[in-house]
Amino acid sequence: MRQAVIGGVLLVVGAVCVALGLLPLSDLAELADRVVPVLGFVLGLTIVAELAADAGVFDRLADLAARVGGGRTIGLWAAVVVLAVVCTVFLSIDTTAVLLTPIVITLARRVGLPPMPFALTTVWLANTASLLLPVSNLTNLLAVDRIGLDGPIPFAGLMLWAALAGVVIPCAVLLVVFRGKLFGRYTPVSVRRASDPVFFWSASAVLVALVVALTAGVTVWIAAVVAAVLLVVVAAFRAPSELRISRVPWSTLIFAAGLFVVVETLHTTGLTDPIVDALPGGTGTGSLLALGGAGAVAANAIDNLPAYLVLEPAAGHEALRYAALLVGVNAGCLITPWASLATLLWHARLASEGVHLSWGRYMALGCVVAPLTVVAGVLALRI
């Protein structure tokens, strides 16, 4: 609700800026052409993920992870890592942080393990593993057209080694921090049967088809909206009670729309120019580290989405500079609670599951993992 209120305020501010001529209508139209498809993707993917969770798809994946773990805690944790990475890469950061977290917590409790190592794994990887594909993070979707890459495969080629660093570094830190809890044994659990097999297999098929479409380069908002419509039709027959208007991510859409308008006004009026001009240009290692570091600092100061939007002109139409900025805002937003909306949503889910993690401890751990991941990710771009 708070997010929706902030978004509404931003939209009002944006409307005032347009009325005063600070943001010309031609610029507003160009902005809409860029961001409406992005918001359409968010809408479609959120509905698909929510209904797939209702159908038991993520529960089944978690149970399979427990079986794959083979009774060893480190094996189960490794399976959760893989599940979190795959979920983030193909279904976006918010899906992992919001939907996978409570499922992983429930899984840990089912097998008698402390949930914190697994919960922290999901939120860190939701952020840091969101570098590989355009659909992994909203910032990536905004950047891909600016970079000039045609489709998800070239984007993945640019980000591959940085994305790998974004998985390896946080996992290494987690192994050190939770070394006393990740080595032991547990009793594997049985794989739960879906309460409605038709709904389950339909949702599974739609998810697989959506992943294939997004990887194959189908226009992301079209793929997501079509998948959402298909699942809504299935749910109308199999689980009509799950079709609630609250399932539409109104707060996220309003917040993002208002943010886009306000930041575009800042660009148009030149208020962000001093920040952009202060950063060194070029694609040398030092310049890339400076841009990535600036992205991380800005993300932890004002949230990663506005941080990307403010610093986007600093990329200067250089693919490596866009990549470094993405590393900074995506993998560096692990310190302050507000650095990523996904982190705030994750913490709310954590609290609802009765798992306590103070923001002080979260920030202390973030001060270790965020700089290491950003530096490693930017350096990996030079490979």
Side-chain angles (χ1 to χ4, degrees), residues 1-8 35-59 61 83-84 86-104 122-123 126-127 129-130 133-142 199 202-211 213-214 218-236 239-260 303-305 330 340-349 352:
M1 177 64 71
R2 182 179 302 174
Q3 184 189 12
V5 172
I6 295 173
V35 304
V36 167
V38 173
L39 297 179
F41 169 76
V42 172
L43 171 64
L45 184 63
T46 300
I47 293 173
V48 169
E50 291 274 3
L51 291 177
D54 293 337
V57 175
F58 294 107
D59 288 327
L61 291 173
L83 182 57
V86 171
C87 186
T88 300
V89 168
F90 293 105
L91 298 175
S92 89
I93 171 177
D94 289 343
T95 301
T96 301
V98 177
L99 295 179
L100 191 60
T101 293
I103 291 168
V104 167
T122 59
V123 72
N127 288 287
S130 66
L133 292 179
V135 297
S136 307
N137 200 315
L138 191 57
T139 54
N140 299 357
L141 281 175
L142 293 170
F199 193 20
S202 298
S204 299
V206 169
L207 269 184
V208 171
L210 177 59
V211 168
L214 295 175
V218 176
T219 303
V220 295
W221 75 268
I222 294 177
V225 170
V226 169
V229 170
L230 289 174
L231 261 190
V232 165
V233 171
V234 174
S241 62
E242 301 299 339
L243 296 180
R244 303 184 300 274
I245 196 67
S246 60
R247 281 296 174 73
V248 177
W250 299 111
S251 59
T252 299
L253 297 175
I254 294 171
F255 175 77
L259 193 61
F260 288 139
D303 184 86
N304 64 342
L305 180 56
N330 290 359
S340 166
L341 173 61
T343 300
L344 290 173
L345 296 173
W346 167 82
H347 195 268
R349 289 299 175 98
S352 68

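For the atom pair CG (Leu305) and CG (Leu259), the distance works out to 5.0 Å, reported to the nearest 0.5 Å. Summarising the geometry, atom CD belonging to Glu242 is positioned 4.0 Å from atom CG belonging to Asp54; distances are rounded to the nearest 0.5 Å. To the nearest 0.5 Å, atoms CG (Leu45) and CG (Leu210) are separated by 6.5 Å. Here the CG-CG distance, from Asn330 to Asn140, works out to 5.0 Å after rounding to the nearest 0.5 Å.
Ser136 contributes a side-chain N or O that, together with a main-chain N or O of Val89, makes up a donor-acceptor pair within less than 3.5 Å. When atom types are taken as modelled, the side chain of Thr96 and the backbone of Thr88 share a donor-acceptor pair closer than 3.5 angstrom. With Ser202 contributing its side chain and Phe199 its backbone, the two residues share no donor-acceptor pair below 3.5 Å.
Between Leu100 and Leu83, some side-chain heavy-atom pair lies under the 4.5 Å cut-off. Ile47 places none of its side-chain heavy atoms less than 4.5 Å from the side chain of Leu231. Contact of the Val135 side chain with the Phe41 side chain is registered, since non-hydrogen atoms from C-beta on lie closer than 4.5 Å. Within the 4.5 Å cutoff, no side-chain heavy atoms of Val206 are placed close to those of Val234.
Nearest heavy-atom pair, Val35 versus Leu142, reported as atom, atom and distance to 0.1 Å: CG1-CD2, 4.5 Å. Contact record, Gly40 with Val225: O-CG2, 3.7 Å, taken as the closest heavy-atom pair.
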**OP:** Using the side chain to side chain donor-acceptor pair (under 3.5 Å) rule, take Ser92 and Asp94 through it: C-alpha gap first, then chi angles, then the decisive distance, then the call.
**Re:** CA-CA 6 Å; Ser92 89; Asp94 289 343; 5.4 Å; no
